[in-house]
Amino acid sequence: MAITSLKAGIIGTGFIGPVHLEALRRLGVQVGALCDLPDRVRTLADRLGIPQAFGDYRDLLRSPGVDVVHICSPNRLHCPMALAALRAGKHVVCEKPLAMNTRETAEIVKLARQAGTVFAVNYNVRFYPAVLQMRKLVAGGELGEIIHVNGSYLQDWLFKDTDYNWRLLPTEGGKLRAVADIGTHWMDTASFVLGAKIKSVFADLGTFHKTRKRPLGEVQTFARADAKLKYAAYPVKTEDFANVLLEFSNGARGNLGVSQVAAGRKNCIRLEIYGSKKSAGWCSEDPEMLHFGNRDGANETAVRGTPAFGEGATGFMDYPPGHVEGFPDTFKMLFRSIYGCIAAGNRCECAYATAEDGHAEVAVCEAILASHQARKWVKV
Ligand SMILES: NC(=O)c1ccc[n+]([C@@H]2O[C@H](COP(=O)([O-])OP(=O)(O)OC[C@H]3O[C@@H](n4cnc5c(N)ncnc54)[C@H](O)[C@@H]3O)[C@@H](O)[C@H]2O)c1
């Protein structure tokens, strides 16, 4: 079966839903159905050129014109939507974090195993060519024994006390915010590259804005403050930033910094791996470059697509060197991998994050919160 014969339906069309749509269209996958709030979904579907519009996700799941369901709604809705999609016999691509807590993620894992359809969690950072290459270098022993890893995920879109989004509310996004929203991207990427799970953590969480102002009315992700808006103050129960020490199952140690109040950092994920032979490092602000550090010889920088970059990302690049592939391309490569697996009858070893991986990241989040509260190391 060709992936172009598969039909997708997207639930949630705020910031990330359209990124899914665009990537699917680049692959030739038809997006036949959209679901969002009833008062806006028809207008959105017309604007995006999608034939079917549903104001209730259960109606989208009943549509025979949908093989794969993309869940791009706020975190609170991931679990009920994922379970219903699995029960309807659909393949699922669910946004991260997989759900609000491990009780929910465990339920999804159980049903996904029984269903036998493809279930993927949208940890797209895995599909930067540089990340795939780092993974190959680690697996091939080219960095030597991994001593420690260092990195961060930093943003500034919640820098001001007037910056508002549903993620700030534990009832919508979960008990952790910066860590669950972007920290899990880093943790998933680091585990993927190292081929090792995070087994214990020591965390310190911080909330700079203890009170924030919520605009009266609705605000989209990454929207900027508007002087004409009226605001209501509310206490903040989720963290703005975090520092986490990590221990991986292969013995490597790590430290991770996460922040959504880091002025100037728009969307910066950085991972450095220090091995006993050499180090390798990458940053999403310069996604085409892979940096190598040597103790004695000169340090090196390899450009994506050149022989020095290596072959770890073969099949996951479409453009020649110098023709930058970035954030939107990771979605395209991830979906090509997922849809390829569906077309092959779910019988292949793929690089995308599974329900088990999504469950593992939420379990690390819970350990991070417990560690912060107890001020000690906590096992995952
Ligand atoms: N992988 C990534 O890089 C990435 C980036 C951003 C967001 N995300 C994840 O994607 C999800 C959505 O985030 P976002 O930033 O797009 O949020 P958003 O607020 O911009 O969009 C959410 C959309 O869901 C819709 N929605 C709300 N309730 C609904 C319901 N009951 N039925 C159908 N639609 C409903 C909203 O109307 C809105 O259009 C989150 O889980 C987030 O963590 C992932």
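Ligands are counted one by one from 1 in listed order, and the atoms in each one are counted from 1 as well. Source: prediction; values computed, not measured. Hydrogens, waters and symmetry mates play no part in the numbers below; they use all other heavy atoms, side chains included.
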### Query
Between Lys90 and Asp67, is there a salt bridge with N-O shorter than 4.0 Å?
no
### Task
Considering the heavy atoms of Asn122, write down every atom of ligand 1 situated less than 4.0 Å from one of them.
1 (N)
### Query
For ligand 1, which atoms have a heavy atom of Asp181 less than 4.0 angstrom away?
43 (O)
### Query
Would one find an N or O of Arg167, backbone or side chain, under 3.5 Å from an N or O of ligand 1?
yes
### Task
Using non-hydrogen atoms of the residue, decide whether Tyr123 is closer than 4.0 angstrom to ligand 1.
no
## Note on the structure
ligand 1 to Asn124, heavy atom cutoff 4.0 Å, flagged ligand atoms 1 (N), 2 (C), 3 (O)
#### Entry: Check ion pair Lys210-Asp161 (N to O, under 4.0 angstrom)
no
### Query
Below 6.0 angstrom between ring centroids: does that apply to Phe208 and Phe241?
no
### Query
Around atom CZ of Phe327, are there more than 12 heavy atoms of other residues, nucleotides or ligands at under 6.0 Å?
yes
### Query
Would you call Asp318 and Lys332 a salt bridge, taking side-chain N to carboxylate O under 4.0 Å as the test?
yes
### Task
Indicate yes or no: does an N/O atom of Pro74 lie under 3.5 Å from an N/O atom of ligand 1?
no
## Note on the structure
Per-atom filter on ligand 1: closer than 4.0 angstrom to a heavy atom of Ile11 are 33 (C)
### Task
In plain terms, say whether Arg212 and Asp240 are close enough for a salt bridge, that is, a side-chain N and a carboxylate O under 4.0 Å apart.
yes
### Message
As an exercise, identify every atom of ligand 1 less than 4.0 angstrom from a heavy atom of Leu77.
### Response
28 (N), 29 (C), 30 (C), 31 (N)
### Query
Relative to the ring of Tyr128, is the ring of Trp282 parallel (under 30°), tilted (30 to 60°) or perpendicular (over 60°)?
tilted
### Message
Once you restrict to heavy atoms under 4.0 Å, what part of Glu172 touches ligand 1? Side chain, backbone, both or neither.
### Response
neither
### Query
Can you tell me if Tyr57 has a non-hydrogen atom under 4.0 Å from ligand 1?
no
### Query
Which of the numbered atoms in ligand 1 are below 4.0 angstrom from a heavy atom of Ser73?
11 (C), 12 (C), 24 (O), 40 (C), 41 (O)
### Task
May I ask you to check if ligand 1 and Ile16 share an N or O to N or O distance below 3.5 Å?
yes
### Task
Would you please classify the geometry between the Tyr153 ring and the His185 ring as parallel, tilted or perpendicular, with 30° and 60° separating the classes?
tilted
#### Entry: Proximal candidate to atom 8 (N) of ligand 1 [heavy atom criterion; set Glu95, Arg76, His70]
Glu95
### Message
Distance alone, cut at 3.5 Å: any donor-acceptor contact between the side chains of Thr301 and His291?
### Response
yes
### Message
Considering Gly12, Cys72, Pro38, Gly14 one by one, which has a heavy atom nearer to atom 12 (C) of ligand 1 than any of the others?
### Response
Cys72
### Query
Short list, please: which atoms of ligand 1 are under 4.0 Å from a heavy atom of Thr13?
23 (C), 39 (O)
### Query
Any cation-pi pair here, Lys96 with Tyr123, using under 6.0 Å and within 45°?
no
### Message
List ligand 1 atoms under 4.0 Å from His78, heavy atoms only on the residue side.
### Response
41 (O)
### Message
Please enumerate all residues that pass ring-ring contact (aromatic ring centres under 6.0 Å, His included) together with Tyr274, with sequence neighbours excluded.
### Response
His148
### Message
I want to confirm something. Looking only at heavy atoms, which of Leu44, Asn75, Ile10 is nearest to atom 41 (O) of ligand 1?
### Response
Asn75
